[in-house]
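Heads up, the thing below is written out as structure tokens.
Below, all heavy atoms of this structure are taken into account, side chains as well, without hydrogens, waters or symmetry copies. It should be emphasised that the depicted structure is a prediction, and the values quoted were computed from it without experimental measurement. Order of the sequence lines sets the chain letters (A, B, ...), proteins ahead of strands, with each chain counted from 1.
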There are 2 protein chains.
Amino acid sequence: MTPPREHGAATAHVADRVREAIIRGAYPPGTRIRQEELAEETGASRVPVREALRVLEAEGLVTLVANTGAWVSSLSLGECQEIYRVRERVEPLLLRMSGPGLSGPVLDELEALAERMSASDDPEAFLELDRAFHLLTYTGTSTVVLTDLVHRLWNRTQAYRRVYTRLMDDRARRTVHDEHRLIVGALRDHDIDAAESLLAGHIRRTRRQLASHPEVFAAPEEG
Amino acid sequence: MTPPREHGAATAHVADRVREAIIRGAYPPGTRIRQEELAEETGASRVPVREALRVLEAEGLVTLVANTGAWVSSLSLGECQEIYRVRERVEPLLLRMSGPGLSGPVLDELEALAERMSASDDPEAFLELDRAFHLLTYTGTSTVVLTDLVHRLWNRTQAYRRVYTRLMDDRARRTVHDEHRLIVGALRDHDIDAAESLLAGHIRRTRRQLASHPEVFAAPEEG
DNA sequence: GCTGTTGCGATTGGATGCAATGCCCGGTAC
DNA sequence: GTACCGGGCATTGCATCCAATCGCAACAGC
């Protein structure tokens with residue numbers, strides 16, 4: 001039943017699994033993570049589990065307290081705004097580097113994603129397609145530092161986007177779809193300046209909307 | 001001789017020590033890091049050493065290869081340029097948030113640092129004072145995400161700044177000093193827009209100068 | 001002389017066991 | 001009733017031990 005994994009991959013396996021679970025929403029912010037549990041679930045011992053937790057801590061996804069335990073990181077509204085402000089500055093740069101490298105088929109796929117998004121009204125689908133859309137716009141470059149940074153920023157805020165998504169009204173959704181279509185259009189036109197500034201505005205607007213919903217950051221009741 | 005450290009701090013202790021050594025230049029890029037050696041040096045066992053290496057890997061300071069070993073990370077010219085481009089966008093933002101929080105005494109200290117820098121002509125002193133200067137300009141805010149990001153970007157590029165510093169001629173140094181003084185001036189005037197754009201130009205110029213010295217990124221001979 | 005191979009030593013990866021710490025709960029004093 | 005204290009248990013932190021892997025060097029074949 002347990003496929004024999006290769007030697008030297010246990011830590012990465014555990015980290016990948018937990019990261020994925022956090023992003024997927026299976027482990028919401030504040031969730032306690034117990035080493036032994038994780039070890040059992042992943043079929044590893046506690047040593048690679050602990051290394052994985054250190055990795056996730058450095059990524060900002062997990063918070064470790066010495067001699068006490070590990071929890072899925074929570075963000076305050078302020079910290080989340082900080083991340084969005086960084087994204088406002090950094091993602092347009094990444095888009096600038098990526099845009100010229102996006103092939104026709106990828107642009108078609110972006111358009112399709114934007115279309116599917118506006119067709120569906122399931123918040124979880126919105127969340128997933130939105131993420132897929134933006135991250136796909138960043139696949140036109142092989143820059144590693146910048147791409148990695150942006151992925152991390154997305155990961156850290158994913159849980160809060162998930163909650164916020166459920167609060168969006170039709171008008172807010174419409175605006176997002178419009179912006180997405182405009183961004184694809186600018187990319188098609190090779191108007192990278194326009195794409196960059198559209199994206200900056202897109203993120204900035206989202207940040208401000210998020211700021212008007214502080215209830216997103218209320219710590220959920222223990223249950 | 002070995003002061004009894006508190007329980008639960010071994011990993012952090014090892015990580016701090018290695019990070020400091022990398023920044024100080026004691027471990028240049030490409031240096032092999034052996035677990036047992038480190039364990040002996042720090043008085044810990046290999047378990048916390050391995051956790052520390054994972055942390056440093058996530059910070060980009062160390063490169064781990066499974067079943068093979070750990071090395072101090074090297075940057076290509078391209079990767080370094082990437083980091084500088086990120087810094088160009090992100091540090092002005094941090095300065096914007098920090099500037100209003102800088103007290104009079106801190107501004108005086110910044111001026112003193114800039115002065116000491118232009119007085120000395122030792123490259124190592126230049127390096128250290130430059131770092132101290134910029135990081136001090138970021139102490140006026142309690143933002144944690146952004147501050148941490150900027151520190152990491154500085155850490156990853158420190159080794160290359162060290163090499164480049166030795167290649168700078170008088171004109172290049174003069175320019176740096178002038179820019180530093182202008183930045184302090186703008187901060188004193190509470191002209192945050194000016195400070196931001198001066199800083200962006202400062203980083204951008206450095207990036208371009210660095211790009212014209214690709215020899216900085218040549219892998220040193222094995223020794 | 002050069003190339004491919006095989007075995008050994010060095011090093012890393014992971015599991016287990018024990019020590020240290022913190023938390024929770026019951027008890028007690030006020 | 002509340003606040004403080006102490007002990008047991010759950011959990012984490014770390015050291016030791018063993019297995020897996022890699023690199024290198026000696027050797028055999030051509």
Base, sugar-phosphate alone, or nothing: which one does [X] contact when heavy atoms must sit under 4.0 Å apart?
| X | answer |
| --- | --- |
| B:A70 | nothing |
| B:L64 | nothing |
| B:A9 | sugar-phosphate |

Which of these nucleotides, C:dG14, C:dT11, D:dA15, is closest to any side-chain atom of A:A10?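 Closest nucleotide to the A:A10 side chain: C:dG14.
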Only one of B:I33, B:L56, B:V18, B:L61 clears side chain to side chain contact (heavy atoms under 4.5 Å, CB included) with B:V72; which?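 When B:I33, B:L56, B:V18, B:L61 are each tested with B:V72, the side chain to side chain contact (heavy atoms under 4.5 Å, CB included) holds only for B:I33.
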Using a strict heavy-atom distance below 4.0 Å, which residues from residues 45-54 of chain B are in contact with DNA chain C?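 Result for residues 45-54 of chain B: B:R46, B:R50, sorted by number.
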Residues that B:E109 engages under salt bridge (Lys or Arg N to Asp or Glu O under 4.0 Å), provided they are two or more places apart: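 Once residues adjacent in sequence are excluded, B:E109 has no partner under the salt bridge (Lys or Arg N to Asp or Glu O under 4.0 Å) criterion.
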Salt bridge (Lys or Arg N to Asp or Glu O under 4.0 Å) against A:R207, all qualifying residues, sequence neighbours excluded: A:E88
What pairs with B:V144 under side-chain contact (heavy atoms from CB on, under 4.5 Å), at least two apart in sequence or on another chain? A:E79, A:E82
Mind jotting down which residue pairs meet the salt bridge (charged side-chain N to carboxylate O under 4.0 Å, His left out) criterion with at least one end in residues 91-105 of chain A? Sequence neighbours excluded, please.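 Qualifying pairs, neighbours excluded: A:R87-A:E91, A:R96-A:D193, A:R96-A:E196.
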Pairs meeting criterion salt bridge (charged side-chain N to carboxylate O under 4.0 Å, His left out) with involvement of residues 125-138 of chain A, two or more places apart: none
Atom-pair distance ([atom1] on [X]; [atom2] on [N]), nearest Å:
| X | N | atom1 | atom2 | value |
| --- | --- | --- | --- | --- |
| B:N67 | C:dT11 | CG | C1' | 10 Å |
| B:H7 | C:dT21 | NE2 | P | 6 Å |
| B:E6 | C:dA20 | CD | C1' | 12 Å |

Would you say a side-chain N or O of B:Q35 is under 4.0 Å from OP1 or OP2 of C:dA10? no
